Amino acid sequence: MELIHIKEEMYYLHQAVNIGYIKNNEQGLLIDTGIDKQTAKKAAKLLKEQGLPVTDIFITHAHTDHFGGAAWWREHHNVRIHASPLEKAIIEQPKLEPIYLFQGVDPVDDIRNKFLEGPPVTVDTQVYEGRQTIAGIEGEILFLPGHSYEQPVFCRKGVVYAADSYFAVSYLKKHRIPFMVDIEKACASLQQLLSLEAEGAVPGHGEYEQQFQQTVEANLNWHQQLLDEMEDELHKHSVQTIDALTTAFLNRKHISITQLSMFLLYRTAVLAYVKALAGQHKAQFVIQDNQWLIKPL
Ligand SMILES: [Zn+2]
């Protein structure tokens, strides 16, 4: 973990999942917390050594790698925690993630792990879109859904703490099919990022970049490529189930998985791409012979 100075009072802790930080005299705003208490402890130590206080935590979205450390902060520091309404619900009841991945059924223990279910933590304040002051720091909050349901991001003085609204290209190459819940919204969020008069951005996974627009464009292209490939895959059969399509797409992308949790995450992403194709009238969901099927159009 490395503390990187962006400009003035703005920093980020660079690691597998970035943690943003903005100082305001005796107050300080942490943006996300990393995955667990070890990460939170490490971040707290590093910030303390640099004389950077933490009084508030802004959580961008309810994925454990972003909020899993918040419970430790709550326990050991006097902090106020901020999140958007739907992300808040999951942060406070983290079992909801394995529940939704397991199609609403009370989930099996296999998927109730630290990657899918972080420690619960109470959120003190709900954030909304628009200008808002947190820890005495005035920022513009944008909701950039697509990778998660709301995903508010914090912008200040031209710097965007963008969380997972876009990914570093190296991250996309590594994961091939990023976790997504809505592709149309993700693309609209990416367009919104392109329209900002920002001087730089730091994604949840990757490095701060001044020319982040190039990376955002690469994300748009990545989604389009996956949509094209998904459409091609759909046309290989007259109809198929979402599970069969997930398997076919994982094979096509040379992804080999051994865990149920991984299958469910990819299945969700595949369904998000198919939903986008359905929205473009290139695919249709049908119920036929007691099966839920996807039909190419
Ligand atoms: Zn995420």
Side-chain angles (χ1 to χ4, degrees), residues 61 63 100-104 143-151 162-195 203-206 212-297:
H61 64 294
H63 290 164
Y100 66 65
L101 290 171
F102 207 52
Q103 298 196 297
F143 277 35
L144 298 180
H147 164 75
S148 75
Y149 303 106
E150 290 172 335
Q151 190 168 241
D164 294 348
S165 59
Y166 75 95
F167 299 105
V169 173
S170 58
Y171 182 91
L172 290 173
K173 285 183 176 164
K174 186 178 165 204
H175 293 269
R176 297 176 216 171
I177 310 170
F179 180 78
M180 301 306 277
V181 298
D182 195 301
I183 305 304
E184 305 230 308
K185 286 180 185 168
C187 292
S189 294
L190 291 166
Q191 294 292 357
Q192 202 176 341
L193 279 169
L194 287 178
S195 72
H205 308 268
F212 70 99
Q213 291 88 351
Q214 290 170 7
T215 310
V216 173
E217 293 276 10
N219 277 251
L220 278 166
N221 293 337
W222 198 273
H223 293 310
Q224 190 53 53
Q225 170 72 22
L226 287 178
L227 283 170
D228 292 346
E229 288 188 58
M230 191 68 74
E231 197 182 349
D232 181 55
E233 205 56 54
L234 273 175
H235 279 280
K236 288 184 179 172
H237 302 273
S238 58
V239 285
Q240 53 193 316
T241 63
I242 183 65
D243 287 335
L245 182 62
T246 302
T247 301
F249 210 65
L250 286 171
N251 291 339
R252 181 184 181 121
K253 304 303 286 180
H254 307 290
I255 296 168
S256 167
I257 53 161
T258 53
Q259 291 166 334
L260 175 60
S261 56
M262 295 307 292
F263 186 85
L264 296 174
L265 289 166
Y266 279 117
R267 183 186 186 280
T268 303
V270 165
L271 185 53
Y273 284 99
V274 175
K275 184 194 160 200
L277 290 176
Q280 296 169 11
H281 307 289
K282 292 175 175 169
Q284 191 183 8
F285 294 111
V286 291
I287 299 290
Q288 191 180 300
D289 303 328
N290 279 347
Q291 293 183 92
W292 177 36
L293 299 166
I294 302 152
K295 187 175 159 184
L297 292 178

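On a predicted model such as this, the values are computed, not experimentally measured, just so you know. Index from 1, following the sequence.
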Non-hydrogen side-chain atoms of Leu226 and Lys253 separated by less than 4.5 Å: yes
Would you indicate whether the side-chain heavy atoms of Asp232 and Arg252 approach each other to under 4.5 Å? yes
Taking the six-membered ring for Trp, are Tyr273 and His223 parallel (under 30°), tilted (30 to 60°) or perpendicular (over 60°)? tilted
Take the angle between the ring planes of Phe179 and His63 and call it parallel below 30°, perpendicular above 60°, tilted in between. perpendicular
Report yes or no: does [X] contribute a side-chain atom to a donor-acceptor pair with the main-chain N or O of [Y] at less than 3.5 Å?
X      : Y      : value
Gln151 : Asp164 : yes
Trp222 : Ile177 : no
Thr215 : Ala168 : no
His147 : Tyr166 : no

Evaluate the side-chain hydrogen bond (donor to acceptor under 3.5 Å, both in side chains) criterion for residues Gln225 and Glu229: first the C-alpha distance (whole Å), next the side-chain angles of each, then the deciding distance (0.1 Å), finally the verdict. CA-CA 6 Å; Gln225 170 72 22; Glu229 288 188 58; 2.9 Å; yes
Side-chain donor-acceptor pair present, Gln224, Asp228, cut-off under 3.5 Å: yes
Determine the minimum heavy-atom distance between Tyr266 and His175, stating which atoms define it. OH-O, 3.6 Å
Which heavy atom of Val270 sits nearest to which heavy atom of Met230, and what is that distance?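 What the structure gives for the nearest pair is CG1-CE, 3.9 Å.
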I'd like to know whether NZ of Lys236 has more than 12 heavy-atom contacts from other residues, nucleotides or ligands below 6.0 angstrom.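 Yes, NZ of Lys236 has more than 12 neighbouring heavy atoms, counting only those of other groups under 6.0 Å.
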